[in-house]
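Here's the structure, in structure tokens; my notes come after.
As the structure lists them, so they are numbered: ligands from 1, and atoms in each ligand from 1.
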Amino acid sequence: MQRLIPRLRADGVELELIMLIRTVLAASKEIAFRVSQGALSGVLGSTLDENIQGETQKKLDVLSNQLIKDMLLSSPDVRAIASEEEDDVVKGQEGAPYIVAFDPLDGSSNIDINGQIGTIFTIYPARDDVPADSPLQFAQPGKNQVCAGYVLYGPSALLVMTTGGPTRQYTLDRTHGGYLLTKPELSIPEQTSEFSINMANFHRWQQPIKDYISELQMGKDGARGRQFNMRWNGAMVGDVHRILSRGGIFLYPANQDQPTKPGKLRLLYEANPMAMLVEQAGGLASNGEQRILDIQPSDLHQRVPVITGSQEEVEYVLDKLK
Ligand code: P6P
């Protein structure tokens, strides 16, 4: 669509994209408040419904999804949205420049135990070659993302985001209600001694992954000759934030028992945005065979294996999978 006035740009980013990001963040501030209120805001516990993933929806899942959805659908810059909590694509404004996908509340199982949870979001240019509400709007590889980010609702509410430049961190100033830049450029150390994986799934992994994890467990008595430590948050947003902050490797491998369900994490609104954030901070993100950001999506809620984090450690694992 030919624009009548030149687009204004700040820091090389289209003004419409800046306004759209602000819309997402406005919803996140309301979610951050509700999360901080916990039981006092009546948002704990589960509903009686399941989402398309087959997961029981938490009250805060539904609330967060509705907040973000309402805000985005009121924006003139959103052609369509997709959400972990929505079966199908939801149409926005015909001819608008962007589409948005989001996981409104990643790590929902942590809500009722006051654990880390977060909102993950990603923005792509809208496609003019398919209808506005077609799932094919989102059939774009992750390298097409123009913005990726998450808001981590922890002791402080942190926004971590990139628009193709450095991965930056902002802290929510609850007094004045703004996100203030607190880390201009996150950088992941190339080496690490910290891994993140759900060990309960050990029996389901491919043999090379089992061998790799066993090496880490052997520590200085094993092939690696040094001690490793393990962390598992139950929320990708918390594990990836730790890796962006101090390095590490996060793995959610394919499950050999369920070949049709290769891994648990969703490509569109978990793996791709996290992959962009990690790569822009100097790390790597792979599904074990190819770069996450190069994957051509085949389904809106498609799942992929994820191996991401410190460059040298990810490369070590990929060499074992060859
Ligand atoms: P498990 C949360 O439900 C999530 O999608 C990711 O945020 C997290 O890393 C993973 O699932 C946790 O999975 O199997 O350990 O409960």
Where at least one partner belongs to residues 228-240, residue pairs that pass salt bridge (charged side-chain N to carboxylate O under 4.0 Å, His left out), sequence neighbours excluded: D239-R242

State which residues pass side-chain hydrogen bond (donor to acceptor under 3.5 Å, both in side chains) with N287; sequence neighbours excluded, sorted by chain then number. none

Look at the rings of F138 and Y124 and say which category their plane angle falls in: under 30° parallel, 30 to 60° tilted, over 60° perpendicular. perpendicular

Parallel, tilted or perpendicular, judged at 30° and 60°: which one describes the rings of Y316 and Y212? tilted

N114 meets the side-chain hydrogen bond (donor to acceptor under 3.5 Å, both in side chains) criterion, sequence neighbours left out, with none

Between T162 and R168, is any side-chain donor less than 3.5 angstrom from a side-chain acceptor? no

Below 3.5 Å only, please: the N or O atoms of ligand 1 paired with protein N or O atoms, distance on each line.
{"from": "ligand 1", "atom 1": "5 (O)", "to": "R266", "atom 2": "NH2", "distance (Å)": "3.4"}
{"from": "ligand 1", "atom 1": "5 (O)", "to": "E270", "atom 2": "OE2", "distance (Å)": "2.9"}
{"from": "ligand 1", "atom 1": "7 (O)", "to": "D106", "atom 2": "OD1", "distance (Å)": "2.6"}
{"from": "ligand 1", "atom 1": "7 (O)", "to": "D106", "atom 2": "OD2", "distance (Å)": "3.1"}
{"from": "ligand 1", "atom 1": "7 (O)", "to": "M236", "atom 2": "N", "distance (Å)": "2.7"}
{"from": "ligand 1", "atom 1": "9 (O)", "to": "M236", "atom 2": "N", "distance (Å)": "3.2"}
{"from": "ligand 1", "atom 1": "11 (O)", "to": "K264", "atom 2": "NZ", "distance (Å)": "3.1"}
{"from": "ligand 1", "atom 1": "13 (O)", "to": "K264", "atom 2": "NZ", "distance (Å)": "3.0"}
{"from": "ligand 1", "atom 1": "14 (O)", "to": "Y252", "atom 2": "OH", "distance (Å)": "2.6"}
{"from": "ligand 1", "atom 1": "15 (O)", "to": "N198", "atom 2": "ND2", "distance (Å)": "2.8"}
{"from": "ligand 1", "atom 1": "15 (O)", "to": "W232", "atom 2": "NE1", "distance (Å)": "3.0"}
{"from": "ligand 1", "atom 1": "16 (O)", "to": "K264", "atom 2": "NZ", "distance (Å)": "3.4"}

